Participant: 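Got a structure for you, questions after.
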2 protein chains.
Amino acid sequence: MPDDTLLSEAIAQAGIRFNLLCGGQGRCGRCKVIVERGQVNRHSTSRISPIELEQGYVLACQTTVRSDLQVFIPPQEAIVRRLPSEKAAAEVPTLPVECDWQSKPIVRKFFLTIEPPSLSDNTTDFERLKRELVRQHNIRDLVADLPVLRKLARTLRASEVNGKGWQVTAVLEMGTWVDKNAPPRLIDLRPGDHTGRSLAVAVDIGTTSNVVYLVDLVSGQFVDSASAYNAQISCGEDVISRIIYTKKEGGLEHLQRLVIQTINERLQKLAERNKLDLSEIYAMTVAGNSTMIHLFLALDPAFIRLEPYIPTVTHPLPVRASELGIHICPEATVDCLPSVGAYVGADITAGVLSSSMFKTEKLTLFIDVGTNGEIVLGNADWLIACACSAGPAFEGAGVHSGMRATVSAIDEVWINADTCEPTYRVIGDVPPRGICGSGMISLLAEMFITGTIDKSGRINRTLDTPRIRIGQHGPEYVVAWAKETQHQKEDLVLTEVDISNLIRAKAAIYAGFSILTTSVGIDLADVEEVLIGGAFGKYIDIEKAIQIGLLPDMPWERFKYLGNTSVLGAFTALLCRDMRREVVEIAKKMTYLELSADNRFMEEFTSALFLPHTDTTAFPSVMHLLNKGGAS
Amino acid sequence: MPDDTLLSEAIAQAGIRFNLLCGGQGRCGRCKVIVERGQVNRHSTSRISPIELEQGYVLACQTTVRSDLQVFIPPQEAIVRRLPSEKAAAEVPTLPVECDWQSKPIVRKFFLTIEPPSLSDNTTDFERLKRELVRQHNIRDLVADLPVLRKLARTLRASEVNGKGWQVTAVLEMGTWVDKNAPPRLIDLRPGDHTGRSLAVAVDIGTTSNVVYLVDLVSGQFVDSASAYNAQISCGEDVISRIIYTKKEGGLEHLQRLVIQTINERLQKLAERNKLDLSEIYAMTVAGNSTMIHLFLALDPAFIRLEPYIPTVTHPLPVRASELGIHICPEATVDCLPSVGAYVGADITAGVLSSSMFKTEKLTLFIDVGTNGEIVLGNADWLIACACSAGPAFEGAGVHSGMRATVSAIDEVWINADTCEPTYRVIGDVPPRGICGSGMISLLAEMFITGTIDKSGRINRTLDTPRIRIGQHGPEYVVAWAKETQHQKEDLVLTEVDISNLIRAKAAIYAGFSILTTSVGIDLADVEEVLIGGAFGKYIDIEKAIQIGLLPDMPWERFKYLGNTSVLGAFTALLCRDMRREVVEIAKKMTYLELSADNRFMEEFTSALFLPHTDTTAFPSVMHLLNKGGAS
């Protein structure tokens with residue numbers, strides 16, 4: 001084999017299927033192989049960590065052959081395929097926060113054997129149950145609301161086991177954040193022993209996507225999850241249009257019905273898949289932005305939209321599931337986590353909770369990109385937060401070929417700089433239906449780095465490729481031809497209008513970073529850790545997010561992916577009463593910086609309306625890459 | 001004027017209208033006059049107290065003239081006319097118990113002036129309200145449920161007074177018995193200042209009659225009352241038949257609807273009469289027997305009826321008015337007082353509360369005659385109670401000409417021993433429509449004392465009077481001819497079947513006294529005070545009740561009329577949180593004696609099935625009267 005042959009070519013010549021996703025530009029890092037024996041010349045080691053270097057990893061497209069080689073090629077599947085189903089898409093989340101969930105669960109079950117009444121022991125049914133809870137489990141002061149009392153007499157008598165008295169499982173809510181000393185509350189009673197598991201759900205109500213986690217409070221384990229678009233999307237894509245919709249007669253109640261319907265449908269799906277009765281679900285925690293929580297509870301959100309942006313309440317009381325029409329145990333508590341203000345909601349306090357940021361000494365920047373971008377800066381001592389209206393583009397909405405990050409979404413794209421031909425990865429390894437948020441970021445970065453668009457986002461129509469054309473909505477780039485797609489009807493494209501939306505979204509978020517750090521006199525470079533939450537937090541490609549100027553240009557090791565921190569926070573608060581109280585403290589501690597009252601925001605936003613930014617010195621790694629080859 | 005002329009005849013001869021209600025037998029005491037000058041011979045002074053004797057009172061029918069006289073005749077109206085309208089029928093009740101209602105009201109109103117939000121003070125609406133409650137009234141930790149939060153934003157902004165900010169009245173529930181440290185709860189918010197009064201209602205749900213008291217918590221005063229038959233009567237007259245009715249599909253819910261409808265209609269009446277909005281009523285306490293409370297809350301009463309007679313609960317938690325469909329402020333608490341057991345209900349604990357019996361050193365017997373008869377014996381140290389099924393006869397139901405004690409009910413009767421002709425008094429001084437409970441007792445006693453019936457209740461058909469005849473239901477006595485009545489259609493009669501019902505009712509109650517005193521080793525004669533509560537407690541004629549053996553034969557001064565102690569107890573508990581907690585202590589302290597488990601009860605009951613009783617030595621005053629003249 002001749003010297004200076006690229007290792008990637010050599011592998012292809014050996015007849016091995018091998019993907020060069022970025023077209024062999026050394027940018028995607030997906031052609032990593034281990035040179036086990038022999039000599040090579042490494043022309044670039046970008047994308048290879050120091051540890052990998054020691055292990056002998058090279059980029060096949062950036063390495064030339066100098067002798068006979070023995071090369072190990074890692075399974076390509078592991079790289080290309082991800083998320084074979086919606087269920088696995090959620091994976092089993094691990095809580096970043098430690099909590100003592102066994103000592104302070106929200107709900108506990110107790111098995112009781114009860115002697116039936118007689119003329120000489122004619123205590124009432126409820127007092128009898130109370131008495132046995134004290135005797136058998138030392139649980140005192142039980143209270144019960146009407147719906148449970150209404151079925152008490154029949155359930156107890158139906159639980160009689162011949163000669164052994166009544167045998168029942170009492171399901172008790174052990175307290176809420178409202179009152180530390182509140183008595184335990186009987187929320188259900190079932191004949192027989194059901195103490196093996198105790199189900200509950202954590203919910204994230206996103207403006208675009210809703211996620212439901214099913215959790216077993218006995219094992220403290222995640223069981224399953226389900227997610228879907230928020231059905232309110234039919235009434236407006238962002239919070240502002242939803243709020244405007246509530247001005248219609250019955251609009252507020254309609255939006256409430258829609259989101260509750262979305263949640264109920266997900267619950268139904270979880271019940272079917274896990275073969276359980278929804279009435280066995282005994283608690284629900286809910287996180288979401290302030291408008292979503294207002295709509296969920298049918299609280300009037302009108303004044304969230306109007307200056308000076310006032311929600312009705314930041315911390316509503318727990319509500320019974322039956323009061324909202326949530327199809328779990330009717331007496332179960334639905335508990336919405338606290339928010340800080342109109343645009344820093346319970347999704348953010350939940351995020352800070354699940355991120356452990358509230359316990360760290362490190363100067364930390366937490367960012368949650370959903371339909372809005374919310375940013376928190378601080379550590380264990382102080383927290384300051386702001387919100388910037390990013391729009392739903394990063395959630396795959398409001399963009400021509402956008403879709404949620406689920407099976408059949410393109411979630412990563414590489415563009416060959418020479419041919420402008422894209423290579424993409426699809427969630428579930430099936431023909432694509434659309435492009436999700438992380439796919440959009442990836443695509444935008446690739447287009448920029450390869451010069452397919454310029455720094456202001458205009459498509460370079462001088463390039464000789466059928467991928468670039470004038471479509472119905474103006475200039476566009478074809479990511480996948482119709483024949484490659486699932487429905488084989490329409491090409492998947494990114495239009496110049498889409499690009500403009502994406503740039504505005506990233507600019508809003510970057511302007512948020514700038515204002516937040518400036519307002520406390522800190523340089524962005526001093527941030528020790530950047531935590532990325534939000535719906536696509538787990539899948540965002542940091543390098544590409546930096547390339548488009550969505551994230552600050554810092555060493556990669558400072559970034560940490562947390563996934564959907566909103567639902568993880570709801571999960572944490574669901575597991576443990578101490579954590580539920582902790583999130584109250586987080587909300588109290590957090591200072592809210594209202595950007596609309598801040599003239600500097602518009603300036604920063606305008607400066608960020610370029611790729612990666614007007615101030616290119618803030619993006620040295622990107623400039624380095626561009627100077628090496630890419631765009632103008 | 002000749003000597004030995006009866007003073008009553010002399011008065012009649014002088015042309016003065018003068019009623020001899022008992023026919024001049026010296027029994028009714030209604031012909032009392034004052035001899036201001038001149039000589040008379042008093043032949044009897046029964047019915048005249050020692051003080052009245054000193055003041056010169058004589059019974060005109062028992063006094064002969066010995067000289068020229070100057071006589072003062074008190075206004076006959078004051079004696080004959082009573083209760084000119086339903087409203088006045090309730091009179092203004094005075095609470096026998098002292099309580100510090102001003103320091104611990106259930107509900108308080110606070111007037112607030114609030115600075116509207118701005119960008120520099122963008123606290124949420126609810127937190128802003130909380131903040132001002134602390135600043136202006138030192139009220140902390142306010143909580144609020146969804147329905148109030150839902151209208152918060154609009155109400156606050158509607159309360160803006162030009163240049164003076166928001167001016168609102170916050171209505172706060174200051175706590176319930178459940179948790180002493182529970183935070184104050186916002187139950188309403190109204191633009192303007194409404195702190196002048198704070199309305200609430202106390203309700204007694206009787207099996208037969210329901211009573212609603214309207215109360216002002218600011219002044220601590222009774223405002224008005226309304227009462228009506230419990231609409232459940234259409235589904236059964238006593239608790240047992242109501243419980244049986246609940247076995248029908250939807251029967252329980254139907255009975256609940258009926259009683260709530262009865263209460264709502266009374267509330268509507270009070271609102272119209274007092275020109276108020278029902279949503280201004282901010283609290284409700286409810287007393288009633290255990291079955292009535294179960295039906296009111298739609299709790300399954302099935303096992304109250306079946307041995308060993310087990311209610312679901314003795315002390316249900318407070319409920320929101322909206323949850324029950326009670327038409328007061330939806331967020332107002334409806335709080336049912338605690339019961340002791342299946343047949344000693346919240347009407348009795350309420351009775352003991354309002355009677356002050358729980359504070360006295362005296363050995364006290366408390367009796368509440370409603371549809372059931374409940375009896376409590378004890379003092380500040382101990383309380384023992386039992387219940388005996390008296391049936392609804394004393395409430396005017398289940399008796400041919402029976403009716404409630406309201407306008408047009410005959411409530412007292414005197415029979416002329418010679419002619420068998422009755423004289424009666426009608427509530428409201430109008431033509432009669434029927435006979436109420438106290439009228440029944442009065443009538444039964446008169447018939448017995450005059451020999452119109454014998455000691456077993458059989459009508460003496462040998463008497464030569466058209467008043468005694470065989471009617472559709474067997475032998476009967478005509479109290480009022482059709483032409484005297486309001487509808488002029490039917491004679492008002494008392495049948496032998498009615499008499500038998502009344503005797504069984506009084507026998508059940510007297511047997512209760514006997515068992516209760518025997519069970520604690522006390523002689524009935526040692527009882528220092530007898531408190532009479534229940535719907536007709538205020539109007540029962542003690543002498544006549546003793547004559548039929550309903551009450552024990554004791555000096556009259558030991559008896560005290562308390563009126564409807566059930567609603568008075570609800571009123572007391574409504575006024576003051578300490579009193580609300582006191583009634584919990586009363587319920588805890590009270591021992592319940594189950595008569596159905598007691599063989600002695602049947603014996604005592606059988607002995608009491610005579611007038612006044614088989615053991616005539618227990619009724620010396622009655623035997624004395626009979627020996628003087630009357631019956632066999």
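Every chain is numbered from 1, with letters handed out A, B, ... down the list of sequences. Since the model is a prediction, treat every value here as computed from it, not as a measurement.
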Participant: Quick one: pull up CD in Glu323(A) and OG in Ser322(B) and give me the separation to the nearest 0.5 Å.
Facilitator: 7.5 Å

Participant: At what distance, to the nearest 0.5 angstrom, does CZ of Phe126(B) lie from OG1 of Thr314(A)?
Facilitator: 9.0 Å

Participant: What option among Leu152(A), Asp141(A), Val313(A) has the most heavy-atom pairs under 4.5 Å with chain B?
Facilitator: Val313(A)

Participant: Below 4.5 Å from any heavy atom of chain A, which atoms of Leu149(B) appear? Answer side chain, backbone, both or neither.
Facilitator: both

Participant: Restricting to non-hydrogen atoms, name the atom on Asn122(A) and the atom on Pro308(B) that form the minimum distance, rounded to 0.1 Å.
Facilitator: CB-O, 3.8 Å

Participant: Highest number of heavy-atom pairs under 4.5 Å with chain A: which of Leu299(B), Thr312(B), Asp179(B)?
Facilitator: Thr312(B)

Participant: Non-hydrogen atoms of chain A under 4.5 Å away: do they reach the side chain of Pro147(B), the backbone, both or neither?
Facilitator: side chain

Participant: Name the region of Val319(B), side chain, backbone, both or neither, that has any atom closer than 4.5 Å to a heavy atom of chain A.
Facilitator: side chain

Participant: Between Thr123(A) and chain B, which part of the residue has a heavy atom less than 4.5 Å away: side chain, backbone, both or neither?
Facilitator: backbone

Participant: Apply side-chain contact (heavy atoms from CB on, under 4.5 Å) to residues Arg157(A) and Ile310(B) and explain how you reach the verdict.
Facilitator: CA-CA 12 Å; Arg157(A) 285 160 186 83; Ile310(B) 307 297; 3.8 Å; yes

Participant: Look only at the side chain of Arg150(B) and the backbone of Leu297(A), and say whether a donor-acceptor pair between them is shorter than 3.5 Å.
Facilitator: yes

Participant: Chain A: which of Ser118(B), Ser290(B), Pro311(B), Ala153(B) shares the most heavy-atom pairs with it under 4.5 Å?
Facilitator: Pro311(B)

Participant: Say you draw a straight line from CD of Glu594(A) to CG of Leu119(B); how long is it, rounded to the nearest 0.5 Å?
Facilitator: 6.0 Å

Participant: To the closest 0.5 Å, what do you measure between CG (Asp300(A)) and CZ (Arg154(B))?
Facilitator: 4.0 Å

Participant: Does anything in residues 340-348 of chain A reach chain B? List residues with heavy atoms under 4.5 Å apart, or say none.
Facilitator: none

Participant: Between Leu146(B), Ile304(B), Leu129(B), which has the largest tally of heavy atom pairs under 4.5 Å with chain A?
Facilitator: Leu146(B)

Participant: In chain order, what residues pass the salt bridge (charged side-chain N to carboxylate O under 4.0 Å, His left out) check against Arg320(B), with sequence neighbours excluded?
Facilitator: Asp145(B), Glu331(B)

